[in-house]
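Here is the structure we will look at.
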There are 2 protein chains.
Amino acid sequence: MTERKRKNTSTRRAMLANEIAQAIRLRAFRPGEWLRQIDLEERFEATRFDVRSALDELAVRKTIEHVPNRGYRVAEVDMKTYEEILATRIILEGATAEGVVARIDDAAIARLDALAAQFSVAVTTGSRTEQSEINRAFHQLMYSFCGNAVLEEMIWGLRDRGRGSQITVWSSHELLQKSDREHLEMIAALRARDAERLAALIAIHIIKGAPVGPAPIEPG
Amino acid sequence: MTERKRKNTSTRRAMLANEIAQAIRLRAFRPGEWLRQIDLEERFEATRFDVRSALDELAVRKTIEHVPNRGYRVAEVDMKTYEEILATRIILEGATAEGVVARIDDAAIARLDALAAQFSVAVTTGSRTEQSEINRAFHQLMYSFCGNAVLEEMIWGLRDRGRGSQITVWSSHELLQKSDREHLEMIAALRARDAERLAALIAIHIIKGAPVGPAPIEPG
DNA sequence: GGCGAAATTATTGGCGCCAATTATGTTGCA
DNA sequence: TGCAACATAATTGGCGCCAATAATTTCGCC
């Protein structure tokens, strides 16, 4: 067939919600910024209805905030909530250590090696978007071996929520290098099958300004 | 003013979503059961639009499941997911122990005492709905002292999700008595400010068929 | 020129209609 | 009697219109 089959709403909404979420992740929309429905219609070539559904979904997921009669804006998380998110991330991401260590195989560790190497390069030469994407890929791959899909889901939900913080002014070069080194240490812990050490490293990684998002991009 | 001010949609939707969620909690709708929009309109005296918004919200929260062109039904969680939910609950609820022990005061412990006593009575004389509500109140009060609102949120979200399991055929009388005893032990651990013991008790409480929901009620 | 009020414009939000889809019931045929 | 195909009923779902609300500009007065 020449034209693609038209998907139903729930699919389109989910896709659009993810696109918007990614845009927020890439800082195309900054915390506190209003998301005008008309702009989103054009930018993502969607109907107003779909835009609103997607925004509603993101509001439920707390990625954005809904103010009646004003619209939707990227959630700004206050300091207290930000710290709570970090604390909860340490709990959840740390809890993956045991399962990951038990289940991960050599092939996966090799792929983590590759990603860590890519990150090392990106720290000096890459854009912040690249750094962020590689970092995300690294952790996504690692956590995917924890054997608990529910846990994984919650982790990525929380990570998205934490982005609405001003504190995320983004790591200095030193912090990036530190993150880089920590990736290597995590891999070492994995090779040694040392879950406790891995959990500790993850906690440090989260606290000490781990890269959670790239620099803002100008609105197109 | 003689008539109540009309609330805006996002408020009404949230309220309706919570009402439906509670009905699911009370087993007015059983796992796998279809939620017909027309019925919900009448039962909750809402417009079709509000019903759909609320259902969408619950679908995002994974309390219910959306099947295109078929409608919404109470999510049925498979065995694997159920176990993952329990494992994650142990992680999260266990993680509250430290904060709770650190922050809880004598007045709150006294209130927990009262709730535990209420539960003891309800185990033999009360309805399952009562048992469930008291149990919920007990844990809600305890966890409210953990000092991490984000963590609390996730806990109650997960608890709601776990309800869609067939395994929740509900505790025998022996298990209820066991839960009852565990409540008292938790209070003892709180008095002793023993976070580790509290966490361990919470884990046991979750694994060994803690009461998560009442028996089904007939649809009205 | 500065400030406040009114008019104008921009944006969101409630909701109902009817097409699309699925479920149910009925008929006819082997 | 069993089954398949068709007809009918029930239910969901896409979407656009316009009223309600907020933002902005203009205008007039001091």
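Chain naming here is simple, since letters A, B, ... match the order of the sequence lines and numbering starts at 1 in each.
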Between [N] ([atom2]) and [X] ([atom1]): distance, integer Å:
X: A:Ile38; N: C:dA10; atom1: CD1; atom2: C1'; result: 7 Å
X: B:Gln37; N: C:dT22; atom1: CD; atom2: C1'; result: 14 Å
X: A:Leu35; N: C:dG13; atom1: CG; atom2: C1'; result: 16 Å
X: B:Trp34; N: C:dT21; atom1: CH2; atom2: C1'; result: 13 Å
X: B:Leu40; N: D:dA10; atom1: CG; atom2: P; result: 18 Å
X: A:Glu42; N: C:dA10; atom1: CD; atom2: C1'; result: 14 Å
X: B:Arg48; N: C:dC17; atom1: CZ; atom2: P; result: 12 Å
X: B:Asn69; N: C:dA20; atom1: CG; atom2: C1'; result: 7 Å

Quiz question: by atom type and distance under 3.5 Å, do the side chains of B:Asp56 and B:His66 form a donor-acceptor pair?
no
Judged by modelled atom types alone, do B:Asp180 and B:Ser120 share a side-chain donor-acceptor pair under 3.5 Å?
yes
I'd like to know if A:Asp160 pairs up with A:Arg61 as an ion pair, taking the criterion as any Lys NZ or Arg NE/NH1/NH2 lying under 4.0 Å from an Asp or Glu carboxylate oxygen.
no
Can you find a pair of side-chain heavy atoms, one from [X] and one from [Y], that are under 4.5 Å apart?
X: A:His205; Y: A:Glu93; result: no
X: B:Arg111; Y: B:Leu141; result: yes
X: A:Arg161; Y: A:Thr81; result: yes

Does A:His66 make a side-chain N or O approach to OP1 or OP2 of C:dG13 shorter than 4.0 Å?
yes
At under 4.0 Å, does any side-chain N or O of B:Arg12 touch on OP1 or OP2 of C:dG13?
no
In residues 49-64 of chain A, what residues come within less than 4.0 Å of DNA chain C, judged by heavy atoms?
A:Arg52
Tell me which of A:Pro68 and A:Thr47 sits closer to the 5' end of DNA chain D, going by the nucleotide each one is nearest to.
A:Thr47
From D:dG13, C:dA23, D:dT21, nucleotide with atom closest to B:Arg70 side chain
C:dA23
Is the number of heavy atoms from other residues, nucleotides or ligands under 6.0 Å of B:Lys62 NZ greater than 12?
no
